[in-house]
Amino acid sequence: MGRWIKPLNNPPRLSETDLLSAQARIVLMSLERRYGVKDSLWSFNNSEICAYNAGNCELQESQCSLLGSSTKVKQEPITPIRSSECINNQKISTDNHDSYSTNAYFKENKDYHKSQKQVMDLPVLAPTPLVSVTKHPTSAAYSSEAHIQQFLHQHVDQYEKRRQLAASDVSCMKNLSRATNEKSEDKLKAKIPSSSHNAKTTRDDQLLIDITSLSPQEREIISFQLETVGEVCLMVVYHDNSTSANVSFYQLNDRFGQSAKGVLVYAENRMMLFPLVVSDPSLIKWCRYVLNALLCKETTRKVVVNSKLLVKVLLQKLNFTRQSEVILWHLEDPAVAGWLLKPDDPPCSLKNLRKTHTTFCGDNYNYDRTKSDSKFYFLAKESLAIMEGQRILLKSYSLWQLFLHVEMPLVPVLALMELQPIRVDMPMLLRYSDMLKKNLQKLENQAHEMAAHPFSINSTSQIRQVLYEKLGLDKHLSGGNGMILTTSNNLKSTSEAVLVQMSAYHPLPSVILQYRQLAKMKSTYIEGILELVQDGVVYTHWDQTAAATGRLTSCSPNLQAVPKTSIVIKDFDNSIIIGQESSEPKTVKICAREPYICGENNIFLAADFQQIELRLLAHLTDDITLRTIFNSLSHFDVFIQLAAKWYASESEITNLEREQTKRVVYSIMYGVGEERLAKYLKATPSTAKEIINSFLVSFPAIQHFTQWCVTFARQHGYVETLMGRKRWLPNITHSAAQLRSQAERQAVNFCLQGSAADLCKCTMLRVEEALYNKSHLRARLLLQIHDELVWEMPSDQLQETCEVIKTVMEDAKLLCCPFLPGLKVPLSVHLTHGTSWARLSPQMLRPPDVAAFSVSRPCST
DNA sequence: TGGTTCAAGATAAGG
DNA sequence: TCCTTATCTTGA
């Protein structure tokens with residue numbers, strides 16, 4: 001597999017027939033993909049094409065005609081390969097645990113035994129095979145052949161699409177080949193080193209082939225060669241000869257802005273530099289075609305460190321007209337793999353990965369660091385070696401499917417999201433900033449008056465002095481609940497909870513609270529955004545590998561944390577707003593989401609999963625009461641239903657009872673203490689305890705579930721989600737009760753939050769696929785806020801897009817594929833739309849059946 | 001003395 | 001001694 005084809009070592013004279021063979025090859029390769037046949041070898045001999053090991057693939061008349069009339073096809077079936085044996089050319093392991101290969105790997109890795117810290121260098125291998133615990137619903141051992149077949153079937157459309165794409169580009173290649181220059185062959189011979197050369201000769205100056213220096217025909221040979229290669233490594237090369245592969249993973253966002261020189265493709269001891277900035281449009285077109293073909297090709301492993309960056313650079317520099325094509329790119333990123341293997345302490349650079357995930361070492365590092373091409377060479381070699389080691393680990397921990405079918409396909413989706421401009425209303429931001437500034441000044445002056453002297457209101461230590469030493473407000477607190485202390489220094493806390501309590505005795509705490517609220521709003525959500533706005537738009541960044549639970553995070557700016565609710569400023573002095581005539585004080589509202597607006601003729605659409613973690617709890621615990629609530633067709637508020645069950649009352653549930661139920665449910669789900677719950681509910685700890693107990697009696701499966709999570713974690717050292725994501729919790733058996741119980745809560749939390757994260761990531765993939773398949777729809781995914789997705793689209797496509805999105809998002813079977821057959825409870829999605837992020841109103845779908853909508857439906861949540 | 005870096009505390013989000 | 005994040009400010 002992956003050998004360079006024969007003509008390379010001794011390049012023959014290229015004839016028209018050879019080039020036709022190249023076109024034929026594209027068609028045959030696509031057939032290979034179509035039928036899921038792997039390891040096919042094709043040989044070219046003048047006008048004859050031989051296909052070995054082509055299995056049961058049959059050439060249709062129409063496909064033969066594409067090969068050219070002078071081409072004969074000889075088919076020699078050897079062993080048919082069942083398509084179920086491979087997805088993306090990876091055999092799916094039905095064993096959950098390959099102990100031999102893992103242990104063999106660990107024996108070679110000296111770092112393995114220093115793993116007793118809170119954050120281990122390498123996960124501890126489960127003492128027993130996972131199979132023994134697959135009875136529990138969180139197990140991701142679902143991979144029956146029938147199911148994989150179904151998965152393949154659903155993706156046949158995509159293969160078909162790609163086939164057509166390849167065929168349409170044959171004509172483009174044909175035109176290029178006309179420009180053949182016979183003299184170029186000798187030049188090529190000199191430029192392209194032979195694959196039989198050993199490592200020593202590959203370090204010479206010819207190691208790197210610059211695509212711009214090649215003739216069109218020579219380029220054809222390159223593209224020809226890339227078709228057969230089994231494994232490549234790609235990286236972005238910048239003008240200063242640094243690469244995207246060896247920067248610290250934290251610097252990635254900075255790197256993107258720098259000028260990229262080209263994309264380096266390493267394959268079988270050779271490297272090619274594809275230019276990104278050239279004046280020749282046909283060369284750019286050619287690069288786009290060849291790289292796209294390579295990245296779509298499922299039989300080639302594409303190892304890319306920091307893959308999102310590469311996808312972004314390619315998208316921008318090569319002008320992909322059909323941008324969403326990139327959702328078909330399937331890469332392998334050692335940085336993402338490293339995070340899946342060590343979610344609590346992910347590797348922060350390639351150097352870091354090198355230590356734990358590879359045996360590639362020794363004299364390989366003795367290269368000439370002053371020569372950039374030998375640096376590229378070893379970076380690529382190293383990336384491939386690291387990925388190889390990680391592949392073994394991922395498979396032995398049953399993380400491979402998650403990596404292959406969720407995390408890596410998500411990379412292009414995130415790259416697209418990062419390139420989407422989000423429009424902001426600059427004048428509104430400036431107006432808000434001004435309003436907040438004036439009001440903050442007013443509050444600060446008030447605080448100074450109350451303290452009888454000026455102090456820095458932002459400083460916690462100075463607030464501590466004023467409140468406790470000067471005003472002595474802590475004496476009111478020492479009675480019942482005792483003083484809350486800060487976590488590390490045991491200082492008296494000035495947190496919100498404490499200030500709220502003290503506000504009953506003195507006006508200063510509430511002024512401080514109000515100041516903090518406005519200050520946070522101003523610095524983070526107004527001025528913080530203003531700094532990042534360019535040309536009226538803002539771009540956010542998505543980090544796939546930041547959260548141990550598998551959630552996505554957003555930064556610079558963090559749009560996941562923009563407050564939903566607006567803050568109210570009472571007695572606001574209107575005269576300070578520029579252009580306002582009235583000087584009457586009044587109440588104003590500031591909503592941080594208000595300045596995010598959509599483009600002209602566009603509209604935002606938000607799709608929100610309803611109570612996703614609660615539904616997952618129902619699925620995972622298999623609790624009959626919870627399942628009945630979610631499965632019933634009634635659209636009544638779920639918390640009211642829960643409260644009704646809990647209080648065992650037929651009468652109407654009050655709002656207070658509903659709120660209590662909601663709090664109790666989430667608190668108990670995540671293992672809250674009695675005292676904390678008592679504070680939430682403003683009740684005594686003993687009452688809180690009663691509430692917890694009575695809830696657990698009503699829903700015994702929940703307690704069973706939390707206990708199960710803890711037991712599982714103790715037995716195996718880790719817990720896992722719906723789709724097999726794992727988190728190692730070494731403290732679960734710690735002798736210190738505090739650390740142990742923290743790990744226990746983390747175990748429960750991870751099972752639910754992590755499963756929800758899995759499901760939301762799959763949702764993004766399936767929705768983007770569905771939208772891609774309806775090519776006339778122009779919805780662009782802008783945001784993911786854990787359980788909510790936000791798109792921007794032309795207003796006239798709202799209805800149709802809503803239907804597509806809702807259908808996909810409520811199809812649990814599709815979302816869970818190929819990990820599990822579906823969920824035991826239905827998923828419910830709430831759609832809203834509007835022209836500002838702050839004001840989104842419910843979207844009513846066209847009623848499929850009028851009768852179904854004639855029943856009045858109370859609103860949920 | 002002025003600038004940088006880092007940890008801690010507080011507060012926003014999501015469930 | 002609910003969990004998971006990002007960001008900002010202070011103060012050493």
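Source: prediction; values computed, not measured. Residue numbers begin at 1 in each chain, while the letters A, B, ... track the order of the sequences.
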- Query: Taking everything shown except A/Lys689 itself, do over 12 heavy atoms lie less than 6.0 Å from its NZ?
  - Reply: no
- Message: So A/Val748, base contact, sugar-phosphate only, or nothing? Heavy-atom distance under 4.0 Å.
- Response: nothing
- Message: Classify A/Glu788 by what it touches in the nucleic acid, base, sugar-phosphate, or nothing, heavy-atom distance under 4.0 Å.
- Response: nothing
- Query: Looking across every strand, which nucleic acid part, if any, lies under 4.0 Å from A/Arg727 by heavy atom: base, sugar-phosphate, or nothing?
  - Reply: sugar-phosphate
- Query: How close or far is atom P of B/dT11 from atom CG of A/Leu499, stated in whole angstroms?
  - Reply: 7 Å
- Query: Touch check for A/Ala757, heavy atoms < 4.0 angstrom, all strands: base, sugar-phosphate only, or nothing?
  - Reply: nothing
- Picking from B/dT11, B/dA12, C/dC2, which would you name as closest to the side chain of A/Leu513? B/dT11
- Would you say A/Arg551 reaches C/dT4's phosphate, i.e. side-chain N/O to OP1/OP2 under 4.0 Å? no
- Item | Test side-chain contact (heavy atoms from CB on, under 4.5 Å) applied to A/Val719 and A/Trp728, step by step | CA-CA 7 Å; A/Val719 273; A/Trp728 282 266; over 6 Å; no
- Query: Could you give the CD-to-P distance, from A/Gln738 to C/dC3, as a whole number of Å?
  - Reply: 10 Å
- Message: For A/Tyr718 and A/Phe712, I'd like to know if the aromatic rings sit close, meaning centre-to-centre distance below 6.0 Å.
- Response: yes
- Just compare B/dA13, B/dA10, C/dT4 and give me whichever is closest to any side-chain atom of A/Arg516. B/dA10
- Quick one: A/Asp344 CG to C/dT4 C1', roughly how many Å, whole number? 11 Å
- Each nucleotide of nucleotides 6-12 of chain C classed B (base within 4.0 Å of a protein heavy atom), S (only sugar-phosphate) or -, in 5' to 3' order, makes SBSSSS-
- Note on the structure: Residue set satisfying ring pair (Phe, Tyr, Trp, His ring centres under 6.0 Å) with A/Phe455, at least two apart, ordered chain then number -> A/His448
- Query: Does any N or O donor sit under 3.5 Å from an N or O acceptor when you compare the side chain of A/Gln746 with the base of C/dC3?
  - Reply: no
- Item | Same-atom distance (C1') from C/dT1 to B/dA12, integer angstrom | 23 Å
- Message: Check A/Arg714 with A/Glu744, please: is the shortest side-chain N to carboxylate O separation under 4.0 Å?
- Response: yes
- Item | Whole angstrom value for the distance that separates C1' of B/dG14 from CZ of A/Phe609 | 14 Å
- Go through C/dT4, B/dA12, B/dG14 for me and flag the one nearest to the A/Ala547 side chain. C/dT4
- Atom CZ of A/Arg615 to atom P of B/dG15: distance rounded to whole Å? 13 Å
- Work out which heavy atom in A/Leu782 is nearest to a heavy atom in A/Met417; give both atom names and the distance. O-CE, 3.6 Å
- Message: Just the rounded figure in Å: distance from P of B/dA10 to CE of A/Met521.
- Response: 21 Å
- Task: Determine the contact category for A/Arg593: base if any of its heavy atoms lies under 4.0 Å from a base atom, sugar-phosphate if only primed atoms, P, OP1 or OP2 are that close, otherwise nothing.
- Result: sugar-phosphate
- Message: How many whole angstroms separate atom CD of A/Glu744 from atom C1' of C/dC3?
- Response: 14 Å
- Item | Stepwise side chain to side chain donor-acceptor pair (under 3.5 Å) test for A/Asp623 and A/Thr625 | CA-CA 6 Å; A/Asp623 184 291; A/Thr625 322; 3.2 Å; yes
- Check whether any side-chain N or O of A/Lys308 sits under 3.5 Å from a backbone N or O of A/Asp543 as a donor-acceptor pair, and report yes or no. no
- Task: Give the rounded distance in Å between these two atoms: CZ of A/Phe750 and P of C/dC3.
- Result: 16 Å
